Amino acid sequence: GLVTTVNGALEIGQSWDPLSPEVDVMLPMVYPSHYPAGAFGLARPNADPYMVIFRAIARAHERDLKLGIEGEHVRPWLQAFTYGKPPYGAREVELQKQAVYDAGYDGWVLWHPGTLYGPFLSALERETVSRKKPWKPGTAPTPPAPPRIVADSGKAVVPVVRDTSVTADTATATATATATAGRGFRG
């Protein structure tokens, strides 16, 4: 994930500017759990999946525009696993996806090291329609409202509409279709 924001080559041979013009799509692994404390000005990046993804993907978008690359050229890997605190579930996946859309892209790919996607099914869309927002450099992030606690219940109410008709049988197809909703590859 650092490849979207670090100028120059990383120690693992990744460098955005020389590689980006040569490929149809870039797939950075922008897992919030893998960013160090202080990244993007966040004390605990893993606890703010929306801001990590928005800032990383907006920076990738900016870099591509400077290279003259437009369209669905960035399709990030998103975190569908818990690594550290807080635990990750459907809400964290929804926040990451919203950040991708807000940064001007439709495509994304989920990863769980054990391919256990059941806890994240309610975060998947049923239809493959464009959800990306208009974006240009300098666009401010618009994170969704945080869950609110219902008085005296201790339960969080999350202001997100979910399609509960997604089943385990359709999850793989839905995730694949949703992740590949972006079109306009250069080739």
Side-chain angles (χ1 to χ4, degrees), residues 1-86 88 91-112 120 123 125 130-146 175 178-187:
L2 292 174
V3 72
T4 66
T5 55
V6 173
N7 292 324
L10 295 172
E11 292 178 5
I12 55 175
Q14 296 179 353
S15 185
W16 192 273
D17 294 345
L19 182 59
S20 194
E22 303 299 325
V23 299
D24 291 335
V25 66
M26 296 287 278
L27 292 106
M29 293 180 277
V30 290
Y31 311 131
S33 63
H34 288 43
Y35 284 84
F40 303 117
L42 303 170
R44 296 177 49 225
N46 198 35
D48 200 343
Y50 176 89
M51 290 305 288
V52 169
I53 302 303
F54 180 84
R55 289 180 176 162
I57 300 308
R59 177 69 176 123
H61 206 153
E62 289 173 5
R63 292 179 83 171
D64 268 1
L65 288 176
K66 286 181 182 176
L67 294 168
I69 301 168
E70 296 183 16
E72 289 292 318
H73 188 251
V74 177
R75 181 170 299 155
W77 286 93
L78 302 180
Q79 180 172 329
F81 58 90
T82 295
Y83 186 70
K85 292 185 179 187
Y88 268 50
R91 174 72 176 157
E92 289 72 24
V93 168
E94 289 168 344
L95 290 167
Q96 292 175 86
K97 289 174 18 201
Q98 188 61 53
V100 172
Y101 305 147
D102 289 353
Y105 292 109
D106 271 318
W108 46 266
V109 184
L110 289 180
W111 187 71
H112 184 284
F120 309 100
E125 290 93 351
S130 178
R131 290 176 171 79
K132 70 181 173 184
K133 304 279 175 57
W135 184 91
K136 62 183 179 187
T139 299
T142 55
T178 301
T180 58
R183 292 170 195 82
F185 292 127
R186 299 173 308 109

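By convention here, the first residue in the shown sequence is residue 1. The shown structure was predicted, so the numbers you read here are calculated from the model rather than taken from an experiment. Heavy atoms only: backbone and side chains are in, while hydrogens, waters and symmetry mates are out.
- Proximity of Leu65 to Pro137: side-chain heavy atoms (C-beta onward) are separated by under 4.5 Å at one or more points.
- By the 4.5 Å heavy-atom criterion applied to side chains, Ser33 and Gln79 are counted as neighbours.
- The side-chain heavy atoms of Leu78 and Val93, taken from C-beta on, include no pair separated by under 4.5 Å.
- For the residue pair Ala37 and Pro45, the shortest heavy atom distance occurs at CA-CD, 3.9 Å.
- Note: Phe40 and Tyr35 meet the aromatic proximity criterion, with ring centroids under 6.0 Å apart.
- Under the 4.5 Å side-chain criterion, counting only non-hydrogen atoms from C-beta, His61 is not in contact with Lys136.
- Pro143 is not listed as a side-chain neighbour of Leu95, based on a closest heavy-atom distance of 4.5 Å or more.
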Trace of the side-chain contact (heavy atoms from CB on, under 4.5 Å) decision for Gln98 with Phe54
CA-CA 8 Å; Gln98 188 61 53; Phe54 180 84; over 6 Å; no
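- Counting heavy atoms from C-beta outward, Val109 and Leu27 have side chains that approach closer than 4.5 Å.
- Between Met29 and Pro76, every side-chain heavy-atom pair lies at or beyond the 4.5 Å cut-off.
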Decide yes or no on side-chain contact (heavy atoms from CB on, under 4.5 Å) for Trp77 and Trp108, but give the supporting numbers first.
CA-CA 6 Å; Trp77 286 93; Trp108 46 266; over 6 Å; no
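- A heavy-atom distance below 4.5 Å is found between the side chains of Pro86 and Asn46.
- Nearest heavy atoms, Pro28 versus Ile57: CG-CD1, 4.3 Å.
- To the nearest 0.5 angstrom, Lys133 atom NZ is 11.5 Å from Thr139 atom OG1.
- Smallest separation of non-hydrogen atoms from Pro21 and Pro18: CD-O, 3.6 Å.
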Could you go step by step and tell me if Trp135 and Glu62 meet the side-chain contact (heavy atoms from CB on, under 4.5 Å) rule?
CA-CA 10 Å; Trp135 184 91; Glu62 289 173 5; 3.5 Å; yes
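- At least one donor-acceptor pair closer than 3.5 Å links the side chain of Asp106 to the backbone N or O of Arg131.
- Using modelled atom types, one side-chain atom of Gln96 and one backbone atom of Glu92 make a donor-acceptor pair closer than 3.5 Å.
- Ion pair Asp17/Arg63 flagged as a salt bridge, since at least one NZ, NE, NH1 or NH2 atom sits closer than 4.0 Å to an Asp/Glu carboxylate oxygen.
- Side-chain contact annotation: Trp111 with Tyr31, donor-acceptor N/O pair under 3.5 Å absent.
- Between the side chains of Asp102 and Tyr50, at least one donor N or O lies within less than 3.5 Å of an accepting N or O.
- For Tyr83 and His34, the ring centers are positioned less than 6.0 Å apart.
- For the pair Lys97 and Glu94, the salt-bridge criterion is not met [side-chain N within less than 4.0 Å of a carboxylate O].
- Panel note: side chain Glu72, backbone Tyr105; no donor-acceptor pair is recorded below 3.5 Å.
- One N or O on the side chain of Thr82 and one on the backbone of Tyr88 form a donor-acceptor pair closer than 3.5 Å.
- Between Val52 and Leu42, the shortest heavy-atom contact is CG2-CD1, 3.7 Å.
- Here the OG atom belonging to Ser20 is positioned 5.5 Å from the CG atom belonging to Leu67, to the nearest 0.5 angstrom.
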